[in-house]
There are 2 protein chains.
Amino acid sequence: MFSKTCEYGIRATIFIASQSYQDNRVGLKDIAEKIDSPEAFTAKILQILSKSNIIHSIKGVGGGFEIPKEKMSQIKLIQIVAAIDGDRVFTGCGLGLSHCSETHPCPVHDRFKEIRNNLANMLENTNLEELAMGIKSGDTFLRY
Amino acid sequence: MFSKTCEYGIRATIFIASQSYQDNRVGLKDIAEKIDSPEAFTAKILQILSKSNIIHSIKGVGGGFEIPKEKMSQIKLIQIVAAIDGDRVFTGCGLGLSHCSETHPCPVHDRFKEIRNNLANMLENTNLEELAMGIKSGDTFLRY
DNA sequence: AACCAAATATGATTTAAATCATGTTTTAAA
DNA sequence: TTTAAAACATGATTTAAATCATATTTGGTT
Ligand code: FES
Ligand code: FES
């Protein structure tokens, strides 16, 4: 469904949010451990997220990553996915035709479009704040 | 969403079905051309489908691949996907946790499960015959 | 100013998926 | 019974994603 890069990216972002919620800035090492991801790889992903203005990074001693509390409810999952995997998930053909089209549809186009739209809607309507809450309350998990 | 192997596999199966519908047995070369896939790669995929009893193969001169007309409406998309990609699409965690679970859910579990179930239902309820019809009538396409 | 802890940048390596190549077996027809 | 056209089997190569490694920049602290 999503690339591993994207999966890690989402998990990292949720973790940062859950910590920022209680004004806790977090560093790479901590993030990688808490979401069970390879550290160096995670570093790259965090940079993408940072450039996409999804997370905020602070360099130097005492630096780390954070997300302003006010922004959390505005950041939707779809932004993370789009920043990392692009829009192929929402616009790509289910059977791999070079582009999905109404006028030149593949055999599963109509059926697949629905699923794809459901997914897009879900990602558009899910914000970071709700997801971070689940972590904070211990109802949901970011590793294993 | 699906692997390329699986995409080609579905396209190949639909093409074979559309031809078998008019009692036309088809060979590898023809299949690869009509679905715009690499020939040698397609050969491997056809063997998987053959061993999975999704398509029937006939060796030797005049041989090729076919699907008995009576079986077409019984073959569901999900069988093809399961044979090639396994069940990861239906059972895997959306955020890449090693296994999806109700008791140890990731933050998007509930939301993602719905999408995944929709997809599974679609694949379970779509049979080869309907898909082959679209090709025959020229309403849908298997390449470009 | 010197130092250190952090993010950032860039490139190398590994791994898995996709693709290619070649030889073997089967079977109808000549 | 030879031949040729087909599927079948297996291994090699290529490509892209994932992972690792290393050097650089930034910014607070001493
Ligand atoms: S053309 Fe295949 S999903 Fe639209
Ligand atoms: S645990 Fe992630 S989707 Fe179920």
Give the nucleotide from the list [options] with an atom nearest to the side chain of [X].
| X | options | answer |
| --- | --- | --- |
| V61(A) | dA9(C), dA18(D), dC4(C) | dC4(C) |
| K4(A) | dT19(C), dT8(C), dT19(D) | dT19(D) |
| K59(B) | dC20(D), dT26(C), dA18(C) | dT26(C) |
| A40(A) | dA7(D), dC20(D), dT8(C) | dC20(D) |

So what does [X] hit on the nucleic acid, given a heavy-atom distance under 4.0 Å: a base, only sugar-phosphate, or nothing?
| X | result |
| --- | --- |
| L46(A) | nothing |
| K51(A) | sugar-phosphate |
| G62(A) | nothing |

For atom [atom1] of [X] and atom [atom2] of [N], their distance in whole Å:
| X | N | atom1 | atom2 | result |
| --- | --- | --- | --- | --- |
| R88(B) | dA16(C) | CZ | P | 14 Å |
| L28(B) | dA21(C) | CG | P | 14 Å |
| I55(A) | dA7(C) | CD1 | C1' | 10 Å |
| F2(B) | dA17(C) | CZ | P | 17 Å |
| I45(A) | dA7(C) | CD1 | P | 14 Å |
| I31(A) | dA5(C) | CD1 | P | 18 Å |
| I48(A) | dT19(D) | CD1 | P | 13 Å |

Going from [atom1] on [X] to [atom2] on [Y], what distance comes out if it is rounded to the nearest 0.5 angstrom?
| X | Y | atom1 | atom2 | value |
| --- | --- | --- | --- | --- |
| N121(B) | T126(B) | CG | OG1 | 10.0 Å |
| I35(B) | C106(A) | CD1 | SG | 12.5 Å |
| F65(A) | I31(A) | CZ | CD1 | 5.5 Å |

Kindly say if [X] contacts the phosphate of [N], meaning a side-chain N or O under 4.0 Å from OP1 or OP2.
| X | N | result |
| --- | --- | --- |
| T5(A) | dA17(D) | no |
| Q47(A) | dA7(C) | no |
| Y8(B) | dA18(C) | no |
| S57(B) | dA6(D) | no |

Upstream residue (5' side of DNA chain D) when G60(A) and F41(A) are each assigned their closest nucleotide |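 So the residue in question is F41(A).
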Over 60° means perpendicular and under 30° means parallel, so classify the ring planes of H104(B) and F141(A), tilted if in between.
-> parallel
Donor/acceptor link under 3.5 angstrom from K44(A) side chain onto base of dT8(C) | no
Pick the nucleotide of DNA chain C nearest each of F65(A) and E39(B); which residue has the one closer to the 5' end?
-> F65(A)
Please determine if R25(B) and E66(B) form a salt bridge, counting it only when a charged side-chain N lies under 4.0 Å from a carboxylate O.
-> yes
